[in-house]
Amino acid sequence: MKVIQLLLLLLLPLTFFGQETPPILKFSSNTYQAENQNWAVTQNAENFIFVANNEGLLEYNGAKWMLYPSPNNTIMRSILAVKEKIFTGAYMEFGFWKRNDEGLLIYTSLSDKIKSELIEDENIWNIKAFDNWVIFQSYDRLYFYNVENNELNYFTDKGNFYRIFEINNTIYIFKNNGNLYKLEIGKEVLIAHIPDSYKVKFVLNIFESDNEDLILVTRNKGFFKIDKEVVTKWSISGDHIFDEFQIYSGVQLLDKTYMLGTISAGIIHLSQDGELINTINQSNGLSNNTILNLFEDASGNVWSALDNGIDCLNMQSYIREYNDNGGTVGTTYSSIIHNGKLYVGTNQGLFYKSTLVNEPLKLVEGTKGQVWSLFVYENELLCGHTSGTFLIKNNTSQQISDIPGTWNFREFPNHPELLLQGHYSGMSILERKNNKWVLKNKIKGFENSARFFEILGNSEIWINHEYKGVYKLWLNNNYTAFEKVILFSDVPKGKGSSILKYDDDLLYSYQEGVFKLTGSGENFVKDTALSKLIVKDEYISGKLVKDSKQRLWSFNKSSINYAEKGPIPGKIEIKSIPIQNYWRNTTVSFENITHLKDNLYIIGKTNGYILVDLDKYNKTPHKIFLNDIIVKAKDSVFNVLVNENGHFNYNENVLQFNFSTPRYNKYEFVNYQYKLDNYQADWSNWTASPNVIFDKLPFGSYTFTVRSKVGNQVSDNTVNYTFEIARPTYLSNFAIGGYLLLILISGFITHRLYKRHYKKQHLELIEQNQRQIEVNRISNEQEVIKLRNEKLNQEIESKNRELAISTMSIVKRNEVLRKVKKELKSNIGLSKDDDVFKLIDKNLENTKDWNLFKDAFNSADKDFLKRAKSLYLDLTHNDLKFCAYLRLNLSSKEIAPLLNISVKSVEVRRYRLRKKMKLKHEINLTDHILDI
């Protein structure tokens, strides 16, 4: 068996894809806003990360990246954090960065002191520290900087290619001639020589073994050991790696294992004994296969400076991932351990792998398509598939039911030869005959989807349909049909709801919590203890999963919760692991988790699965840092000291606080909470935003407090910042004193003014009374005039009535005369020249009547005829007469007798008058004359 495992290990680098890897936190150039290529990584005492980038120095505080451009615009090749300083090396340049009072890093060049002595085209490739010295290494020279007295010296060995290493505060130097030196009291002491026969040209790193031997890792010749100045080749099972790949960087981790960064094959992880543990490359999660530098931080995370990006490998995480980046495996819907194999059911089929070896998943023959469930019954593995039901043996499958869409299986109490299946469209019975499973029958009477179902007693079936509700069904004695089906209308239905039997209790769960079926079996009541599994504000699914350790699992937005029985009988403990749904991203109500062994679980996700080892999960303490404070005034923006109280002018009342918690675990999400005393009484809601802006704060004293939370654990510290916004100038003490003095003076002046005012008011009152008397007199006179005017108006109206009467009498008289004339003509037979007709015509055309009418009309409507004549000069005497009749609003029939003409002739006159007045068609002639 060991031989087979060894062979598999040897073959893994060649066939490796999608294996279990630590979680990887990825940062692309778009994220950190600098160039692709990165050369080295370091970490300071505050756990902030610093990276040497082609463009300059990158700083990451756990919340945001900041770029400090290279001081001479060249590629930054090396970096090292020593206490409060960050030392960097570049082309023809080296020095250190130190944070100023405003929280920004400021660069100090050390190479400027000896600029003329630098070697042409020199790059600083490495930086190490020991005691009070920091050593900058180029290929031909070592520069020694004393951090206490700022002394700077150097050694030169041109053409011998220096390479320095630091182990336990001891500096080792390897040169191109194969010699390895130890630096003692400023001198190189030879400790070993690598024989030329090994052809070692480049040592990447030096480590110390448990027995204090030195272990050297080379670029392409493998590992070497140095014991008492004797160099020997260390042969390991993974030696072929050095023949196939070019190693560019190497590091020994805190657990004594080794990680090697290659030029084209990603990262190779070896055990302390040199056996291959894993290969991590682009096919299983790494951002880039060219690893320029590896660095292990204080939390055991391994940072990879890549040719394109920066990756952080959570090597100490309790989580391992299986990433299906190629889309071969797909989304995991179920999983199970059976006969030493891990089976994973996905939307692509059923896959398996050995539990002993970290190998690729392989497809079980005949199972392509959606797998919904895996069920082990009496050591036989059944697979619920979209195409039906399959019996699985090793890497083969046998279909035993072709009813589409087998959701799940349940055992019948007291009937070990029967299994109940739920399908897309109802339920069926599997029966074991002659040690073979066959489809017995489909059950009649229920044709809906049966994904969540449980058996109570021998014949009582409960089904939850998330769109219809909870059903209770009674199965007949021969299991062929449902005798009765009841839908519980009072049970709330909801998306993601589920039903599950736990400890002989039937549980129904949805957004409002977990409900337990009462003893009568008639309704569900809320279980307050188990309802804590479902966080209402974080609800995504009510699905519950029971594992083989009797733990009950639920899935929320920012965590996976589980309930387990405590030491006190009947007591339930609710625990949580902070794995956000963002990383799982499974379909709602299809979440799945399976117990593998001990406290190891597998959780399905969109492109593979994750392994969770609860034994390794521990809540490590963390701290929060207030990184910088930005103050915005009307015309300026500036940073202020974070470690001193702030004093700001009134117009400097917009403050932005930037804070962070330097935690670099992929599955850990940091949330922040803050408050501002004297502005908001309570803590804010938890938020992922690492900054907050307070806009237009009023004057006064404030204390800003912020804390962080990772999962459910609050930071060990809270950060406080006290500041004051000054009063505006118009509310300063001087201004207030001036206001008081002004009030006193104003009071005195007001008193004098009031005294003068009341005296003046008395005189004005007398004068006002006199004016009132005069007003009353004028009012009386106006009343008299008004009465006179009313009398005159009455007289005018009387005259108008008289005029109308006179006019109508003339009209009547003329009508009578016409009738007389007509009668005389028709009955008597007088000639036209008879004197009687002349008398009648004379009276009909009597101008005296017109003059009388004219005088009366002018008296009633003063100067109308003059106004009309002045407006229309072409009007004749007859036109004015016609206008007067129209002014009286007489009809054509009434005007005709007055003018001794026919009604038709009146209409003709109307037409001619409109023409002379040039009136538009839509204007009424009578209305126009009334308006003159």
Side-chain angles (χ1 to χ4, degrees), residues 40 77-78 80 89 119 122-131 133-145 153-236 238-239 241-243 246-253 256-261 270 272-274 293-296:
R77 302 284 189 181
S78 54
L80 180 68
I119 299 174
E122 188 173 29
N123 268 300
I124 303 300
W125 289 99
N126 206 352
I127 305 173
K128 299 296 180 183
F130 79 107
D131 294 335
W133 296 90
V134 175
I135 305 174
F136 300 88
Q137 171 232 305
S138 69
Y139 280 145
D140 300 316
R141 183 178 283 175
L142 299 179
Y143 294 92
F144 295 83
Y145 171 68
N153 299 307
Y154 57 83
F155 294 164
T156 305
D157 193 356
K158 192 168 179 60
N160 212 354
F161 298 137
Y162 275 115
R163 184 79 176 172
I164 62 172
F165 311 94
E166 186 270 332
I167 301 175
N168 295 330
N169 203 34
T170 300
I171 297 296
Y172 294 89
I173 304 171
F174 177 78
K175 295 189 179 182
N176 194 38
N177 56 14
N179 289 339
L180 181 65
Y181 300 89
K182 181 166 64 173
L183 196 63
E184 293 182 352
I185 317 176
K187 294 183 179 181
E188 298 175 357
V189 177
L190 180 66
I191 60 171
H193 173 76
I194 300 178
D196 296 341
S197 59
Y198 287 130
K199 298 181 181 179
V200 174
K201 299 297 182 183
F202 207 92
V203 173
L204 294 175
N205 213 335
I206 300 178
F207 315 117
E208 191 173 65
S209 66
D210 290 339
N211 57 9
E212 298 184 355
D213 291 344
L214 294 182
I215 298 175
L216 282 61
V217 57
T218 64
R219 176 155 291 179
N220 51 20
K221 297 300 179 182
F223 285 93
F224 291 84
K225 288 186 176 182
I226 299 177
D227 181 17
K228 299 178 181 179
E229 301 184 1
V230 177
V231 178
T232 57
K233 179 73 171 66
W234 181 28
S235 296
I236 62 173
D239 265 342
I241 293 170
F242 296 91
D243 298 328
Q246 185 177 7
I247 311 300
Y248 196 85
S249 58
V251 63
Q252 187 178 32
L253 307 184
K256 298 301 182 180
T257 62
Y258 304 97
M259 296 199 82
L260 306 179
L270 302 174
Q272 186 176 359
D273 298 325
N293 184 256
L294 294 169
F295 172 79
E296 186 179 26

Query raised in the report: Can you tell me if N168 uses its side chain to pair, donor with acceptor, with the backbone of T170 under 3.5 Å?
Result: no
Query raised in the report: If we only count heavy atoms from C-beta on, is the V231 to V200 side-chain gap below 4.5 Å?
Result: no
Query raised in the report: Parallel under 30°, tilted from 30 to 60°, perpendicular over 60°: which one fits the rings of F223 and Y258?
Result: tilted
Query raised in the report: So how far is it from L214 CG to K182 NZ, rounded to the nearest 0.5 Å?
Result: 8.5 Å
Report summary line: What one should report as the nearest heavy-atom pair of I247 and T218 is CB-O, 4.1 Å
Requested in this report: For residues D239 and K233, determine if any side-chain heavy atom of one lies less than 4.5 Å from a side-chain heavy atom of the other.
Outcome: yes
Query raised in the report: Quick check: does any side chain N or O of N123 sit under 3.5 Å from a backbone N or O of W125, one acting as donor and the other as acceptor?
Result: no
Query raised in the report: Looking only at heavy atoms, what is the nearest atom pair of I167 and I206, with distance?
Result: CD1-O, 3.3 Å
**Report entry** For the student: nearest non-hydrogen atoms of I124 and G89, plus distance
**Finding:** CB-CA, 3.7 Å
Report task. Kindly state whether the ring of Y162 and the ring of F155 have centres lying under 6.0 angstrom apart. Result -> no
Report task. Find the distance between CZ (R141) and CD1 (I135) and round it off to the nearest 0.5 Å. Result -> 15.0 Å
Query - Donor-acceptor contact below 3.5 Å, side chain N126 vs main chain Q137 - result: no
**Report entry** Interatomic distance, D227 atom CG to T232 atom OG1 [nearest 0.5 angstrom]
**Finding:** 7.5 Å
**Report entry** Over all atoms of both residues, closest heavy-atom pair of W133 and N153
**Finding:** CH2-ND2, 4.3 Å
Query raised in the report: Of F174, W234, Y198, which is the lone residue that meets ring pair (Phe, Tyr, Trp, His ring centres under 6.0 Å) with F224?
Result: Y198
Requested in this report: Report yes or no: does S78 contribute a side-chain atom to a donor-acceptor pair with the main-chain N or O of I127 at less than 3.5 Å?
Outcome: no
Report task. State, to 0.1 Å, how close E296 and L253 come at their nearest heavy-atom pair, and which atoms those are. Result -> OE1-CA, 3.1 Å
Requested in this report: Answer yes or no on whether K175 is positioned over the face of Y181, meaning its NZ or CZ is under 6.0 Å from the six-membered ring centre and within 45° of the axis.
Outcome: yes
Query raised in the report: D210 and Q272: side-chain donor and acceptor closer than 3.5 Å?
Result: yes
Query - Sidechain-backbone polar pair: N205 side chain, F165 backbone, donor-acceptor under 3.5 Å - result: no
Report summary line: Between E166 and A129 the two heavy atoms that sit nearest each other are CG-O, 3.5 Å
Query raised in the report: Would you find a donor on one side and an acceptor on the other, under 3.5 Å apart, between the side chain of N220 and the backbone of Q246?
Result: no
